[in-house]
Amino acid sequence: MKDTIRQLIQQAITQLVTEGVLPEGLTPAIQVENTRDKTHGDFASNIAMMLAKPAGLKPRDLAEKIIAALPAADSVSKAEIAGPGFINFFQNTQALAARLDAALSDAHVGVRKAGPVQRVVVDLSAPNLAKEMHVGHLRSTIIGDGVARVLEFLGDTVIRQNHVGDWGTQFGMLMAMLEDNPDMLKSALSDLEDFYRAAKKRFDEDPTFADRARKLVVDLQAGDEACIKAWKSFTDISLSHCQSTYELLNVKLTMADVMGESAYNDDLINVVNDLKAKGMLVESNGAQCVFLDEFKNADGEPLPVIIVKADGGYLYATTDLAAVRYRSNVLKADRALYFVDQRQALHFQQVFAVARKAGFVGHPMEMEHMGFGTMNGADGRPFKTRDGGTVKLIDLLTEAMDRAYLLVKEKNPELAEDELRSIARVVGIGAVKYADLSKHRTSDYSFNFELMLNFEGNTAPYLLYAYTRVAGVFRKLGTDFSQVDGQIILEAVHEQELAAKLAQFGEVLGSVAEKGTPHVLCTYLYDVAGLFSSFYENCPILSADTAAQKQSRLRLAALTGRTLKQGLELLGLETLERM
Ligand code: ARG
């Protein structure tokens, strides 16, 4: 709808240029916003205020001329001047109703991608396999998964890449530990974190152990068979831990999406040689580096991107350069989205710049670092266990389910134990995910169990409950969303407000896909739930005045139910029919 209005305004501007009211060569960004107060129209534009100066007119006078020049359109019933020179547009409720009727009978809820479909690499999760997943891995995993789901829903081909840290010095330590106690493999399986800590302790305290660990890394890199075998058994265990966490989290990642750092080992020498051939490598203190003019430190000195260390070892950036090349040339991606901590922003700017300059991006590919802030504890400080350690993700999720269990049990003491447990899983995991997804990803946020498990406010329990209310209407009738005949008729203001919101679903998903911001979808679903509840209180459904009105209201409820369910699914939240 906003696009339609933008086009109408553009046509009016072109018309006013031919009439000489506006000068030629204007290319304003036409802004159209949803209004809050629907009694003054559904959409507003400030275009007359933007162009008043070049036109040499007062904003209200120009607004009047623009309105006069607007071509007629089915979807708009009228346009009016408001305030200092805004133009307010009223949508034609019949056209809106027809659109929603079509959406209700469409498997895709009437949503289509606005632009061409693309191949998109989504780089997400990527824990370091030497340790167990901790809370720091939550954000990349679930924000990346949410955006990937939205892209897929819009028709893009999504290629998930789990760039796990499965190579490097920590593995030497773990292998040395395993060499000494082969039967520890079992305990490593049950508690990777303890195993890592024990190995780290020995590494720090026992120099012969440390030397052996370093030697094992060299052997591993040289392809020693026994070392590779030990390393493999280790990364397998670690990946199976990750996999069970992904399943619990309802995240669409499988072993097939794993493309870890080690996968690029053989290509690193080619990266180095190609950079050398391009004349981009410079030796600095024994290391091989690339210097780019655009990256300088505070003193104005160029910052190096280190490609090969003085001891011959490769770096994080070297692997990422190989990955860029693979994603562009082999995967033929049009876009690559990196869901990685904001603190790595400079790293990605450098990698992207070096890759472009070196010609590694053979197939045209947009590269976007979708950074995110830190998850802090309820006190606003970095999230830690009582004794200052990192919190294992699995412990956090277990606590969420336990807390949800108590809440659900309090509300429904009559439910059977297994049903309580399964509702608690959906609510607990959903609460953790939603609390994270509903914040703008670039800001830090405080993790707070009480807030996220609250049934009031912009929370998962509130939305899940709102969905059960819609589903309840149909359960009472013994039907479901797909079985409502009739036609949507928009009369009451609460019907119109809900309808206008429902019609924005596609536009909202488009913005999530473009900017990688699932919080926009959360806010939208929260608004839908709120408008549904006003509609439900003010517009009786089952005791409507006429049969046609009843059917219309049922259809609006059905579309609300489908939108909430689809929206929550795109965020990676399961829904419940009752709770
Ligand atoms: N393993 C890295 C870390 O824990 C994240 C990797 C992100 N992806 C990438 N292509 N660098 O910090």
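Each ligand, and each atom within it, is numbered from 1 in the order the structure gives.
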Q: Spell out, as yes or no, whether a donor-acceptor pair under 3.5 Å connects the side chain of K433 to the backbone of G572.
A: yes
**Q.** Residues in contact with ligand 1, criterion: heavy atom under 4.0 Å
**A.** D123, A126, N128, H163, Y316, D320, Y338, V340, Q344, F348
(Q) Determine whether the aromatic ring centres of residues H108 and F153 are separated by less than 6.0 angstrom. (A) yes
Q: May I ask you to check whether Y264 and Y314 place their ring centers less than 6.0 Å from one another?
A: no
Q) Going by heavy atoms in the side chains, are Q350 and V290 under 4.5 Å from each other? A) no
Q: Scan side-chain atoms only and decide if N128 and Y196 contain a donor-acceptor pair under the 3.5 Å cut-off.
A: no
Q. Is the shortest distance from a Lys or Arg side-chain nitrogen in K200 or D204 to a carboxylate oxygen in the other one below 4.0 Å?
A. yes
